[in-house]
Amino acid sequence: MAKPKNNNPRVHEISKFINVSSKDLIALLESYGVECKNHMTTLEYKHIDIILTTYLNKYDRGDTIEEYYNTLKAEKAEEAAKKAKKEGREPEVVAEPAKEEEIDLASLEIKKETNQTVVDTRQSNVDLEKLDTGKIEQLVDIDKVEGKSQKKQKIKKNNSQVKKPEKEFVNNNKKKKEEPKDEGPKVVLVPDEISVGDLSERMGLPATAVVKKLFELGIMASISQNVDFDTAVLIGEDLGFKIEKEIIITDEDRLFNDVEDAEEDLEPRSPVVVVMGHVDHGKTSLLDAIRNTNVIAKEAGGITQHIGAYRVRVGDKKVTFLDTPGHEAFTAMRMRGAQVTDVAILVVAADDGIMPQTVEAINHAKAAGVTIIVAINKIDKEAANPDRIKQELTEYELVPEEWGGSTICVPISAKFNKNIDELLEMVTLVADMKELKANPNRKAKGTVIEARLDKGRGPVATVLVQNGTLRSGDIIVAGTAVGRVRAMVDDRGNTVKKAGPSVPVEIIGLSEVPEGGDIFYAVDDERKARDVVEKRKQKAKEEAINARTAVSLDDLFNQIQQGEVKDLNIIVKADVQGSVEAVKQSLSKLSNEEVRVNCIHGGVGGVTESDVMLAAASNAIIVGFNVRPAGGALESAKANDVDVRFYRVIYHAIEEIEAAMKGMLAPKFREALLGHAEVRSVFKVSGVGAIAGGYVQDGKISRNSQVRIVRDNIIIHEGVLSSLRRFKDDVKEVASGYECGIGIENYNDIKEGDVIESFIMEEIKE
């Protein structure tokens with residue numbers, strides 16, 4: 001065999017040497033990630049290791065390298081005899097080999113000096129062809145044989161004279177082996193996940209050695225597959241290496257400063273308190289009593305729909321309160337509130353007791369490591385029984401102080417402002433015991449409490465600064481949103497220039513609406529910040545594509561009856577981000593063994609044509625909460641047969657979708673849209689209130705209909721008409737293309753540009 005110029009054998013040479021087709025060798029190497037173009041590809045020694053390990057184990061030609069070569073020699077001798085017989089001459093006589101004797105291959109002292117292979121032949125009767133070290137050195141890792149292999153090789157002594165092989169591979173690239181110094185196991189740094197090939201390269205071993213060790217551990221992996229850190233540790237220990245965790249510094253690590261503060265840099269900060277509990281137990285009323293404002297009047301149906309952050313003064317100190325909704329549908333929002341707080345006030349009605357949502361609130365507070373103070377509300381009612389509440393609390397490991405426990409319980413009446421001061425004193429007492437501190441003299445870090453899209457100001461986020469100081473003009477990153485803080489407003493609507501630890505502020509200037517619960521950082525480099533955000537978006541996009549599954553909504557209930565497991569895809573649009581998460585959380589809980597509910601998309605704002613297109617492509621239905629469709633969305637939905645449903649109360653959405661899954665959807669009433677009128681001017685009439693000067697855009701506005709005020713595709717109010725006039729005359733209805741004066745009962749916050757939507761509820765005849 002002609003020796004290649006670069007001393008590295010080619011595929012066809014190895015193929016001929018071990019009697020295996022080049023095609024098979026190429027296929028083998030490609031399965032290990034080695035690129036082989038054709039039979040002329042030059043091979044590296046680690047590639048030959050793969051071939052040798054595979055075919056010496058596969059071929060039944062002996063268990064050792066020497067036996068394998070002896071088999072090849074016997075085959076060649078047999079071929080020579082046949083050829084001699086055919087040519088009519090006597091075959092060459094070869095002396096019989098001597099008796100087998102086991103000799104340690106290491107004792108042969110195979111050495112490499114001055115780029116030449118030297119064999120110590122001081123032992124008598126050494127078969128040089130069997131010890132063709134040029135071939136062995138090319139095909140086997142000699143260092144491994146010398147240093148690690150303890151297996152003895154069988155070598156047959158033979159007194160006969162043999163020829164030196166004509167073809168051999170000589171490794172001229174290997175340096176003279178130096179005696180290793182005993183410095184303990186070599187340390188190899190490995191990240192959380194690493195490919196088999198990279199791990200072998202870091203260890204300085206052939207990939208086959210790692211593949212073999214994995215096989216011994218019961219793990220089948222090729223050179224391109226990944227193993228985790230724990231598996232790498234096991235492999236490394238078995239192969240004599242010490243594996244340590246590699247700390248990878250990402251762009252986010254360089255951009256965000258998460259270094260812990262020195263004790264001397266910390267200063268006392270205000271406590272952050274969350275108010276939690278069951279719906280209608282009086283959480284908002286309690287905050288009302290604390291803030292001396294009427295929050296309830298702003299909420300639909302008296303139920304808090306969004307997280308609010310308020311800062312109040314208690315004595316000579318300030319306390320930040322987070323108001324979280326009580327209904328279980330808002331579990332995610334309440335969980336988010338508990339994670340950023342120090343103290344939780346658990347409101348329990350003295351006449352009602354512990355409810356499922358109360359239990360959830362307890363579990364969330366405990367999971368977040370928040371101290372719980374129980375406010376036993378409504379003690380003014382006749383059916384109030386505070387002792388029964390305390391007894392029920394003990395079932396959830398909340399033992400009142402007066403019963404020998406550590407849980408503070410304060411009986412209050414939010415309605416009559418009774419014992420509110422005592423409750424606040426307990427809050428400040430617990431906060432003092434916690435010794436809450438932060439470093440105001442660094443870049444700000446905190447949490448997004450709430451976020452929404454405002455037509456005039458763009459994305460608006462309510463954030464709670466947890467460390468450092470946020471200043472107007474700072475560059476911040478929150479999830480996939482990035483921007484410069486253009487303005488900051490506190491909870492009372494005052495513009496502020498900076499906000500320190502435990503201070504909630506509303507900011508504008510972000511590129512998009514962040515997710516509630518996102519951690520935000522103030523950073524120095526805007527370009528790097530945008531790079532990090534782009535990478536986050538790309539990663540989120542890849543995860544969404546991988547997670548998305550095909551869905552069909554056609555005849556859902558019949559498919560369920562046939563025993564087929566189906567996915568119900570839902571797109572959620574709401575007025576604020578917190579509501580999006582709450583609706584998604586509620587609907588996901590409807591999943592059962594027969595139907596999986598997947599919320600494939602959620603966003604802030606009205607239902608748009610792009611939402612309809614996504615629903616059509618994904619066979620999804622659209623659920624709108626406190627929003628309306630943008631122009632052309634309903635027409636597109638009708639054309640694409642997309643089911644769009646709008647709700648003002650989240651219970652109705654849950655009930656309807658649950659009923660549809662059970663095949664029982666039969667609502668008694670449905671909404672019939674009559675028309676839209678655009679508010680072009682607003683008049684203030686003494687003793688009457690605000691009157692909208694409107695232009696009917698489509699359909700008609702009917703005096704007996706219900707109406708809703710829509711601003712930027714978000715429902716602001718829903719009610720009934722108090723008056724409908726054409727000039728000075730009261731009319732029953734006004735048709736499309738005409739102007740009219742519209743008064744809405746008990747509502748005066750009408751603005752130019754608002755859309756008044758007229759509708760009636762029709763009974764469905766079964």
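When ring centroids are compared, Tyr647 and His652 stay outside the 6.0 Å threshold.
Sorted by first and then second residue, the salt bridge (Lys or Arg N to Asp or Glu O under 4.0 Å) pairs with a member in residues 598-614 read Lys573-Asp611; sequence neighbours excluded. Residue pairs meeting the ring pair (Phe, Tyr, Trp, His ring centres under 6.0 Å) criterion with at least one partner in residues 512-542, sequence neighbours excluded, are Phe256-Tyr521. Counting only residues at least two apart or on different chains, no salt bridge (Lys or Arg N to Asp or Glu O under 4.0 Å) pair has a member in residues 629-639.
For the residue pair Glu450 and Gln577, no side-chain donor N or O sits within less than 3.5 Å of a side-chain acceptor on the partner. Asn713 and Asp575 share no donor-acceptor pair across their side chains, judged by distance under 3.5 Å alone. Looking only at atom types and distance, the side chain of Arg311 has a donor-acceptor partner in the side chain of Thr320 under 3.5 Å away. A side-chain donor from one of Gln466 and Thr447 sits under 3.5 Å from a side-chain acceptor of the other. A donor-acceptor pair shorter than 3.5 Å cannot be found between the side chains of Lys317 and Ser270. Glu757 and His676 share a side-chain donor-acceptor pair at under 3.5 Å.
For Asp643, the side chain to side chain donor-acceptor pair (under 3.5 Å) partners at least two apart in sequence or on another chain are Arg645. For Gln225, there are no side chain to side chain donor-acceptor pair (under 3.5 Å) partners two or more places apart in sequence or in a different chain. For Arg269, the salt bridge (charged side-chain N to carboxylate O under 4.0 Å, His left out) test picks out Asp342, with sequence neighbours left out. Checked against side chain to side chain contact (heavy atoms under 4.5 Å, CB included), Arg457 has the following partners two or more places apart in sequence or in another chain: Arg452, Asp454, Val460, Glu506, Ile508. Applying the salt bridge (charged side-chain N to carboxylate O under 4.0 Å, His left out) criterion to Asp524, with sequence neighbours excluded, gives Lys443. In this structure Asp754 satisfies the salt bridge (charged side-chain N to carboxylate O under 4.0 Å, His left out) test together with Arg711, sequence neighbours excluded. Applying the side chain to side chain donor-acceptor pair (under 3.5 Å) test to Ser511 and every residue at least two apart in sequence or in another chain returns nothing. In this structure Lys318 satisfies the side chain to side chain donor-acceptor pair (under 3.5 Å) test with no other residue, sequence neighbours excluded. With sequence neighbours excluded, no residue forms a salt bridge (charged side-chain N to carboxylate O under 4.0 Å, His left out) with Lys528.
Comment: Arg484 does not engage Asp474 in a salt bridge, judged by the lack of any side-chain N to carboxylate O separation of less than 4.0 angstrom. Taking a cutoff of 4.0 Å between a charged side-chain nitrogen and a carboxylate oxygen, Glu526 and Arg530 qualify as a salt bridge. A salt bridge between Asp531 and Arg527 is present, with a side-chain N of the basic residue lying under 4.0 Å from a carboxylate O of the acidic one. Contact check on Glu267 versus Lys437 returns no salt bridge, with no Lys/Arg side-chain nitrogen under 4.0 Å from an Asp/Glu carboxylate oxygen.
For the atom pair CD1 (Ile373) and CG (Leu346), the distance works out to 11.0 Å, reported to the nearest 0.5 Å. Atoms CD1 and CG, on Ile507 and Leu470 in that order, are 6.0 Å from each other to the nearest 0.5 Å. Atom CD1 of residue Ile570 and atom CD1 of residue Ile622 lie 11.0 Å apart, to the nearest 0.5 angstrom. Of the inter-residue distances, the one linking Ile362 atom CD1 with Met276 atom CE reads 9.5 Å to the nearest 0.5 angstrom. For the atom pair CZ of Arg471 and NZ of Lys498, the computed distance is 6.0 Å after rounding to the nearest 0.5 Å.
The cationic group of Arg628 lies under 6.0 Å from the six-membered ring centre of Phe646 and within 45° of the ring axis, placing it in a cation-pi geometry.
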Would Lys751 and Val679 count as a side-chain contact (heavy atoms from CB on, under 4.5 Å) here? Give the steps. CA-CA 7 Å; Lys751 295 182 179 180; Val679 177; over 6 Å; no
Using the rule given for side-chain contact (heavy atoms from CB on, under 4.5 Å), can you reason through Val572 versus Phe625, listing the C-alpha separation, both sets of side-chain angles and the distance that settles it, and then say yes or no? CA-CA 8 Å; Val572 177; Phe625 183 63; 5.7 Å; no
Please report the C-alpha distance between Val275 and Leu287 in whole Å, then the side-chain angles of each, then the deciding distance to 0.1 Å, and finally whether the side-chain contact (heavy atoms from CB on, under 4.5 Å) criterion is met. CA-CA 8 Å; Val275 182; Leu287 278 171; 4.2 Å; yes
Derivation and outcome, side-chain contact (heavy atoms from CB on, under 4.5 Å), residues Val523 and Ile476: CA-CA 6 Å; Val523 298; Ile476 66 169; over 6 Å; no
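When every heavy atom of Val682 is checked against every heavy atom of Ile750, the shortest pair comes out as CG2-O, 3.6 Å. Between Pro459 and Leu453, the shortest heavy-atom distance links the atoms N-CD1, 3.8 Å. A pairwise comparison of heavy atoms in Val448 and Pro514 identifies CG1-CG, 4.1 Å as the closest pair. Val370 and Ala344 get closest at one heavy-atom pair: CG1-N, 3.2 Å. Scanning all heavy atoms of the two residues, the minimum distance from Met613 to Ser636 falls at CE-OG, 3.1 Å. Here the closest heavy-atom approach between residue Val482 and residue Ala529 is recorded as CG2-CB, 3.9 Å.
Distance alone, capped at 3.5 Å, is enough to place a donor-acceptor pair between the Thr469 side chain and the Pro440 backbone. Side chain of Asp712 to backbone of Ile714: no donor-acceptor contact under 3.5 angstrom is found. A donor-acceptor pair under 3.5 Å is absent between the side-chain atoms of Asn640 and the main chain of Val642, judged by distance alone. Looking only at distances, no side-chain donor or acceptor of Asn467 sits under 3.5 Å from a matching main-chain atom of Lys445. Distance alone, capped at 3.5 Å, is enough to place a donor-acceptor pair between the Tyr747 side chain and the Asp749 backbone. Side-chain atoms of Ser586 come within 3.5 Å of backbone atoms of Ala582 as a donor-acceptor pair (strictly under, hydrogens ignored).
Between Ile290 and the choices Leu424, Val319, Val314, the side chain to side chain contact (heavy atoms under 4.5 Å, CB included) rule is met once, by Leu424. Test Arg536, Glu512, Lys537 against Thr480 for side-chain hydrogen bond (donor to acceptor under 3.5 Å, both in side chains) and you get one pass: Glu512. Exactly one residue among Thr341, Thr428, Val343 makes a side chain to side chain contact (heavy atoms under 4.5 Å, CB included) with Val273. That residue is Val343.
Within a 6.0 Å sphere centred on NZ of Lys245, heavy atoms belonging to other residues, nucleotides or ligands number more than 12. Within 6.0 Å of CD on Glu260 lie no more than 12 heavy atoms contributed by other residues, nucleotides or ligands. The neighbour count for Lys434 NZ, taken as heavy atoms of other residues, nucleotides or ligands under 6.0 Å away, is above 12.
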